Peer 1: 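A single structure is presented below for examination.
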Number of protein chains: 2
Amino acid sequence: MKFEQNRAEERHGRILDAALKVFARKGYRDSSVDDIAGQSATSKGGVYFHFPGKQAIFLALMDRAASRLLDRVEAVIAQESAPVARAEAALHVVLRTFARHRALARLFLIEAYGAGREFHARLMEFHELFIGVIRRHLDDAVAAGVIEPVDTELAGRIWFGALNEIITYWLLTGRPGPLEDSYASLRPLLFRSVGADMPPPRGAAGAKGTP
Amino acid sequence: MKFEQNRAEERHGRILDAALKVFARKGYRDSSVDDIAGQSATSKGGVYFHFPGKQAIFLALMDRAASRLLDRVEAVIAQESAPVARAEAALHVVLRTFARHRALARLFLIEAYGAGREFHARLMEFHELFIGVIRRHLDDAVAAGVIEPVDTELAGRIWFGALNEIITYWLLTGRPGPLEDSYASLRPLLFRSVGADMPPPRGAAGAKGTP
DNA sequence: CAAAAGCGACCGACCTGTCAGTCGCTTTTA
DNA sequence: TAAAAGCGACTGACAGGTCGGTCGCTTTTG
């Protein structure tokens, strides 16, 4: 029984891996279930044994990818204690992960729009999820008096949107070469927007810059 | 001959209007040329007489919409003299225009991604166009010493991305009810990001707000 | 051997782009 | 000015092709 489960799970995962590759290369609409079957070294029937349809594959893929990404985010956040540093770490790991996994980035930032109306609601949920993470730590920072009391939901949305645009531009044009280079110049702009003059790279909480 | 030309132009425009409606309602991929023909009260053949194909209709639509939007932007910019006020005016008119024309917003911010790879390059050109407008006025502001010397291209991209996320969220969820309500809280965040403490609503350059 | 898993030919729905032909306005002709 | 000829604009049936999903059959598993 465990063997069966493992086997089934392994196949399930292999189909998702294949789907990610195919979707990232051809886009959702231009990918056929046959493509996915081929890429996963199975057959169309096999795919339909594990998933009820093409949409379901895409949704499952988004769910899996989002939960993995969120896990990473939570992991690096746990290593920081100051709220601002946590928000910064969350931001940084998202940028880094997408930089290392273009296919993932394509899926979330581009293909999800073209996959049809049905996915838009889900996509927005994911946006809200990440905005929520940022927001929560900004709230903490406000409570700690490290940054000014701003509309943290809006600020989170702005940060997310900024990242989104930068990564999307990078995905579609390849510029800047190493995506993470953006972060150094991005950081002061974002933090200034919430009134944190310029936090030190790590650890210690706010040092007011006003003389 | 003149009659025919007017007639042809009128038809051309009517097809574009219809296409905007249809694309906004059903998305690019789920819209058929027959849909557009029906909505524009012509026939499929008629559509193909004026445009070489579905793609071309979408591209023409983007071009027309972008140039109209840019015209509006330039118009309001011309009414301001201070660079910061101009950047602000540009931002505001884009927000306002999209708020008033959901279909247009859908086209640029959502459907363009799903319309296929061929459109991505063009879409990025449009992004760059608007980012360029913002950037230019931020450059002026830096030159005038009104804001701090920041990476204005990145700042423009951040502003654009922030707007993008806010409008997209509004498009897909309907929140906040009146989109323009966001602007009041958005403004200070964006301007603080480039080191302009908090410019007064109109005209005069930076007045320090610190008590 | 029975059930689970996998296979791939096939079906039906749909959609883009084509094309031979029609219609109505304009220009030419007498 | 009235008929004839010409032409751009338009029509809709149809060809050609794609693709999601199905189903009967085979292989694997325990």
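Numbers restart at 1 for each chain; the letters A, B, ... are given by sequence-line order, proteins then strands. Fair warning: this is a prediction, and the values are worked out from it, not measured in the lab.
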Peer 1: With a 4.0 Å cut-off, would you call B/D30 and A/R29 a salt bridge?
Peer 2: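 The answer is yes: the pair qualifies as a salt bridge.
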Peer 1: Without decimals, in angstroms, what is the distance between A/E10 CD and C/dA5 C1'?
Peer 2: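 That distance rounds to 13 Å.
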Peer 1: Between A/W159 and B/E165, is the side-chain contact (heavy atoms from CB on, under 4.5 Å) condition met? List the steps.
Peer 2: CA-CA 9 Å; A/W159 285 30; B/E165 175 68 25; over 6 Å; no
Peer 1: To the nearest Å, how far apart are A/R14 CZ and C/dA5 P?
Peer 2: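 These atoms are roughly 15 Å apart.
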Peer 1: Run the salt-bridge test on B/K21 and B/D35 with the 4.0 Å N-O cut-off and return the result as yes or no.
Peer 2: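 No, this pair does not count.
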Peer 1: With rounding to the nearest 0.5 Å, note down the distance linking NZ in A/K54 to OH in A/Y48.
Peer 2: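 Rounded to the nearest 0.5 Å, the NZ-OH separation comes out at 8.5 Å.
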Peer 1: Calculate the interatomic distance between B/F49 atom CZ and D/dA9 atom C1'; express it in whole Å.
Peer 2: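 After rounding, the reported distance stands at 5 Å.
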Peer 1: What's the verdict on side-chain contact (heavy atoms from CB on, under 4.5 Å) for A/V84 and A/V194, showing C-alpha distance, side-chain angles and the deciding distance?
Peer 2: CA-CA 11 Å; A/V84 169; A/V194 293; over 6 Å; no
Peer 1: Detail all sub-3.5 Å separations between protein N/O atoms and N/O atoms belonging to nucleotides 8-10 of chain C.
Peer 2:
unit_1, atom_1, unit_2, atom_2, d
C/dG8, N7, A/G45, N, 3.4
C/dG8, O6, A/G45, N, 3.4

Peer 1: Tabulate protein N/O versus nucleotide N/O from nucleotides 16-18 of chain D, keeping only pairs under 3.5 Å, one per line.
Peer 2:
none

Peer 1: Whether A/R175 and A/D181 form a salt bridge (side-chain N of Lys/Arg under 4.0 Å from carboxylate O of Asp/Glu) is what I want to check.
Peer 2: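 Here A/D181 does not pair with A/R175 in a salt bridge, since their nearest N and O are not under 4.0 Å apart.
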Peer 1: As a test of reading the structure: which of D/dC10, D/dG21, C/dG17 is closest to the side chain of A/K54, going by heavy atoms?
Peer 2: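 Per side-chain heavy atoms of A/K54, the pick is D/dG21.
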Peer 1: Could I get the full list of side chain to side chain donor-acceptor pair (under 3.5 Å) partners for B/E153, not counting sequence neighbours?
Peer 2: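 Per chain and number, B/E153 pairs via side chain to side chain donor-acceptor pair (under 3.5 Å) with B/R135, B/R157.
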Peer 1: Hey, what's the ring geometry for A/F58 with A/Y28, parallel, tilted or perpendicular (30° and 60° as the breaks)?
Peer 2: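 Aromatic pair A/F58/A/Y28 classed perpendicular.
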Peer 1: How long is the straight-line distance from OG of A/S185 back to CG of B/D151, given to the nearest 0.5 Å?
Peer 2: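 With rounding to 0.5 Å, CG (B/D151) is 5.5 Å from OG (A/S185).
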Peer 1: Output all residues satisfying side chain to side chain contact (heavy atoms under 4.5 Å, CB included) with B/A19, sequence neighbours left out; order by chain, then residue number.
Peer 2: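 Only B/F23, B/I36, B/I57, B/L61 meet the side chain to side chain contact (heavy atoms under 4.5 Å, CB included) criterion with B/A19.
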Peer 1: To the nearest angstrom, how far is A/H12 atom NE2 from C/dA4 atom C1'?
Peer 2: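 Computing the A/H12:NE2 to C/dA4:C1' distance gives 17 Å.
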Peer 1: Please give, in whole Å, the distance from C/dA5 C1' to A/I15 CD1?
Peer 2: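 Whole-Å distance recorded here is 11 Å.
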Peer 1: Do any side-chain nitrogens or oxygens of B/R11 fall under 4.0 Å of OP1 or OP2 in D/dA9?
Peer 2: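 So the side-chain polar atoms of B/R11 never come under 4.0 Å of the phosphate oxygens OP1 or OP2 of D/dA9.
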Peer 1: Taking the side chain of A/S32 as its heavy atoms from C-beta onward, which of D/dC19, D/dT11, C/dC7 lies nearest to it?
Peer 2: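 Of the options given, the side chain of A/S32 lies nearest D/dC19.
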Peer 1: Can you tell which of D/dT22, C/dG17, C/dG6 lies closest to the side chain of A/Y48?
Peer 2: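 Ranking D/dT22, C/dG17, C/dG6 by closest atom to the A/Y48 side chain puts D/dT22 first.
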Peer 1: Look at B/R117 together with A/E111 and state whether they make a salt bridge at an N to O cut-off of under 4.0 Å.
Peer 2: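 Yes, B/R117 and A/E111 are salt-bridged.
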Peer 1: So does A/R96 have more than 12 non-hydrogen atoms from other groups sitting under 6.0 Å from CZ?
Peer 2: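 12 or below, so no.
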Peer 1: By a strict heavy-atom criterion of less than 4.0 Å, which residues belonging to residues 23-31 of chain A are in contact with DNA chain D?
Peer 2: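 Of all residues in residues 23-31 of chain A, the ones placing a heavy atom under 4.0 Å from DNA chain D are A/S31.
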Peer 1: May I have the step-by-step check of side-chain contact (heavy atoms from CB on, under 4.5 Å) for B/R25 and B/Q39, ending in yes or no?
Peer 2: CA-CA 12 Å; B/R25 189 171 63 244; B/Q39 179 72 41; 4.0 Å; yes
Peer 1: Classify the ring geometry between B/Y113 and A/Y113 as parallel (under 30°), tilted (30 to 60°) or perpendicular (over 60°).
Peer 2: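 The arrangement is parallel - the two ring planes meet at less than 30°.
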Peer 1: In whole angstroms, how far is the P atom of D/dC19 from the CD1 atom of A/I36?
Peer 2: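 Distance, rounded to whole Å: 12 Å.
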Peer 1: Quantified as the angle between the terminal helix axes (five pairs each), what is the overall bend of the helix from C/dC1-D/dG30 to C/dA30-D/dT1 to 10 degrees?
Peer 2: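 The end axes of the helix from C/dC1-D/dG30 to C/dA30-D/dT1 are about 10° apart, to the nearest 10°.
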Peer 1: Using only side-chain N and O atoms of B/H50, determine if any of them is under 4.0 Å from OP1 or OP2 of D/dC10.
Peer 2: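 The answer is yes; a side-chain N or O of B/H50 sits under 4.0 Å from OP1 or OP2.
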